[in-house]
Colleague: 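The structure that follows is given in the form of structure tokens.
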Amino acid sequence: MNKHDKTPLHIALVMDGNGRWAASQGRERAFGHASGTESVRACIRAALSTGVRYLTLYAFSTENWERPREEVEGLMDLLCDSIAKESPELARQGVRVMVIGARAGLSERVRRHIEAIESETAGGKNLTVVLAVNYSARSELVRAASLIAADAIAGGLSPVMITEAALAEKLYTAEIPDPDMIVRTGGEQRLSNFLLWQAAYSELYFTPVMWPDFGEEEFRGAVEEYGRRERRFGKLTNSY
Ligand code: FPP
């Protein structure tokens with residue numbers, strides 16, 4: 001249970017604006033990404049103190065491979081370094097880290113870091129941080145369709161058994177509730193191939209704040225805004 005009804009159980013974050021934030025300070029993009037890790041830490045602290053139980057972070061999309069090689073390598077190094085550095089403290093705080101996305105497309109080194117933090121934090125009960133790495137929502141849906149087809153061919157599944165629940169079970173997020181709110185920083189107002197199935201009823205929150213400036217206070221602001229939203233899931237309510 002959350003601290004009160006209106007606390008979102010799950011917030012998903014599109015961490016956008018690192019490059020522009022760095023440019024505005026006359027610095028390299030890598031400086032923006034490195035500063036962005038401070039915001040990740042701040043949001044984890046704020047999630048723990050507000051009672052949010054799941055925090056999903058869009059760390060690297062399948063489209064991000066198209067960026068210059070140096071930037072991609074820098075992001076992978078930052079991910080590995082952050083994982084190695086933060087893992088003990090996250091475990092101490094009762095934070096469980098899970099990684100979603102196409103793992104086979106990642107280097108052996110990144111895969112080893114991911115497996116290490118997943119096993120070191122597996123006992124965390126206070127908050128689940130889901131890192132989306134080499135993630136694409138469309139690829140996730142194609143993979144689910146393929147897994148369902150394989151089950152059908154193997155004879156365990158007939159077409160009438162393909163329900164919404166059966167499909168959701170084949171997503172990377174099978175054990176994770178859908179996000180109550182999706183937050184995107186950096187001023188753009190789009191989902192960019194993030195959690196397309198899971199976002200069906202998510203509240204959307206767009207802020208012009210660049211990711212490195214998104215701290216505990218901004219996170220609490222998003223949680224408060226969620227409390228003011230009325231979610232109807234397509235139904236009518238008594239309000240009018
Ligand atoms: C988008 O900003 C941000 C990313 C592609 C990377 C996000 C990564 C981090 C915040 C750091 C690593 C994360 C973890 C979990 C350790 P952008 O580069 O697209 O910014 P721009 O739109 O201003 O160019």
Side-chain angles (χ1 to χ4, degrees), residues 11-48 54-91 93 95-101 103 105-107 109-118 120-121 124 127-137 172 182-195 206-216 218-219:
I11 292 191
L13 286 155
V14 181
M15 310 182 284
D16 198 13
N18 294 344
R20 280 165 288 158
W21 180 87
S24 75
Q25 319 226 342
R27 307 287 301 261
E28 302 280 316
R29 295 177 60 79
F31 179 67
H33 295 316
S35 303
T37 61
E38 289 300 326
S39 300
V40 171
R41 231 174 268 123
C43 288
I44 291 174
R45 270 197 309 275
L48 283 165
Y54 295 85
L55 194 61
T56 297
L57 304 167
Y58 205 178
F60 193 89
S61 75
T62 51
E63 290 77 21
N64 288 152
W65 295 110
E66 304 298 323
R67 293 189 177 200
R69 192 172 57 91
E70 193 184 274
E71 182 169 352
V72 170
E73 284 174 5
L75 281 167
M76 292 299 156
D77 287 346
L78 189 60
L79 183 67
C80 290
D81 292 350
S82 304
I83 283 176
K85 189 166 150 225
E86 302 297 335
S87 189
E89 176 61 11
L90 291 170
Q93 292 173 308
V95 176
R96 175 185 182 199
V97 177
M98 289 175 59
V99 178
I100 60 170
R103 222 170 267 210
L106 296 168
S107 71
R109 175 178 68 116
V110 173
R111 285 206 304 268
R112 258 192 286 111
H113 279 80
I114 286 173
E115 284 159 18
I117 196 165
E118 283 182 330
E120 284 158 23
T121 64
L127 170 70
T128 299
V129 170
V130 182
L131 293 180
V133 181
N134 197 21
Y135 176 84
S136 146
Y172 295 125
I182 298 184
V183 173
R184 181 174 186 140
T185 62
E188 312 288 357
Q189 304 195 0
R190 53 178 173 258
L191 288 178
S192 299
N193 208 3
F194 187 45
L195 302 176
F206 299 107
T207 168
V209 174
M210 299 291 151
W211 178 249
D213 285 331
F214 194 87
E216 278 192 69
E218 287 72 20
F219 186 93

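Numbering of ligands and ligand atoms starts at 1, following listing order.
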Colleague: Is there a side-chain contact between Glu218 and Thr207, using heavy atoms and a 4.5 Å cut-off?
Modeller: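 No. Closest side-chain heavy atoms not under 4.5 Å.
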Colleague: Please could you name the atoms of ligand 1 that Trp211 approaches to less than 4.0 Å, counting only its heavy atoms?
Modeller: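 It comes down to these atoms of ligand 1: 10 (C).
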Colleague: When you measure from atom 3 (C) of ligand 1 to every protein heavy atom, which one gives the shortest distance, and what is it?
Modeller: Met15 O, 3.0 Å
Colleague: When you compare the side chain of Arg103 with that of Glu115, does any pair of heavy atoms fall below 4.5 Å?
Modeller: yes
Colleague: May I ask whether Met210 has any heavy atom positioned less than 4.0 angstrom from an atom of ligand 1?
Modeller: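 Heavy atoms of Met210 never come under 4.0 Å of ligand 1.
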Colleague: Using distance alone, decide if ligand 1 has a nitrogen or oxygen within less than 3.5 Å of any nitrogen or oxygen in Gly36.
Modeller: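 The answer is no, given that Gly36 and ligand 1 share no N or O pair closer than 3.5 Å.
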Colleague: Any N or O of Arg29 that comes nearer than 3.5 Å to an N or O of ligand 1?
Modeller: yes
Colleague: Give the ring-plane orientation class for Phe194 versus Tyr135, where under 30° counts as parallel, over 60° as perpendicular and anything between as tilted.
Modeller: perpendicular
Colleague: Quick check on Arg67 - does any of its heavy atoms sit under 4.0 Å from an atom of ligand 1?
Modeller: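 Contact check Arg67 vs ligand 1: positive.
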Colleague: In the structure I gave you, are the side-chain heavy atoms of His113 and Leu79 within less than 4.5 Å of one another anywhere?
Modeller: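 A side-chain contact under 4.5 Å is absent here.
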Colleague: Examine the proximity of ligand 1 to Asn64 and report which part, side chain or backbone, both or neither, has a heavy atom under 4.0 Å away.
Modeller: side chain
Colleague: Please determine whether salt bridge (Lys or Arg N to Asp or Glu O under 4.0 Å) holds for the pair Arg41 and Glu38, giving the CA-CA distance in whole Å, both sets of side-chain angles, and the decisive distance to 0.1 Å.
Modeller: CA-CA 5 Å; Arg41 231 174 268 123; Glu38 289 300 326; 2.6 Å; yes
Colleague: Does ligand 1 have a heavy atom under 4.0 Å from the side chain of Trp21, from its backbone, from both, or from neither?
Modeller: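 The answer is neither.
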Colleague: Has ligand 1 got any nitrogen or oxygen that is less than 3.5 angstrom from a nitrogen or oxygen of Asp16?
Modeller: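 Looking only at distances, the answer is yes, because the N/O contact criterion of under 3.5 Å is met.
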Colleague: May I ask you to test the Cys43-Leu55 pair for a side-chain heavy-atom distance under 4.5 Å?
Modeller: yes
Colleague: Is there a heavy atom of Ala59 sitting under 4.0 angstrom from any atom of ligand 1?
Modeller: yes
Colleague: If you measure every N/O of Asn18 against every N/O of ligand 1, is any gap under 3.5 Å?
Modeller: yes
Colleague: Does the side chain of Ser35 come under 3.5 Å of the side chain of Arg27 through a donor N or O and an acceptor N or O?
Modeller: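 Distance-only check fails for Ser35 and Arg27.
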Colleague: Which ligand 1 atoms, with their elements, are less than 4.0 angstrom from a heavy-atom of Leu131?
Modeller: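 Ligand 1 atoms under the 4.0 Å threshold to Leu131: 15 (C).
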Colleague: Tell me, do Val99 and Tyr172 make a side-chain contact under 4.5 Å, heavy atoms counted?
Modeller: no
Colleague: Which of the atoms of ligand 1 are close to Ser82, meaning less than 4.0 Å from one of its heavy atoms?
Modeller: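 Those atoms are 16 (C).
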Colleague: Would the distance check show the side chain of Trp21 and the main-chain N or O of Gly32 forming a donor-acceptor pair, the cut-off being under 3.5 Å?
Modeller: no
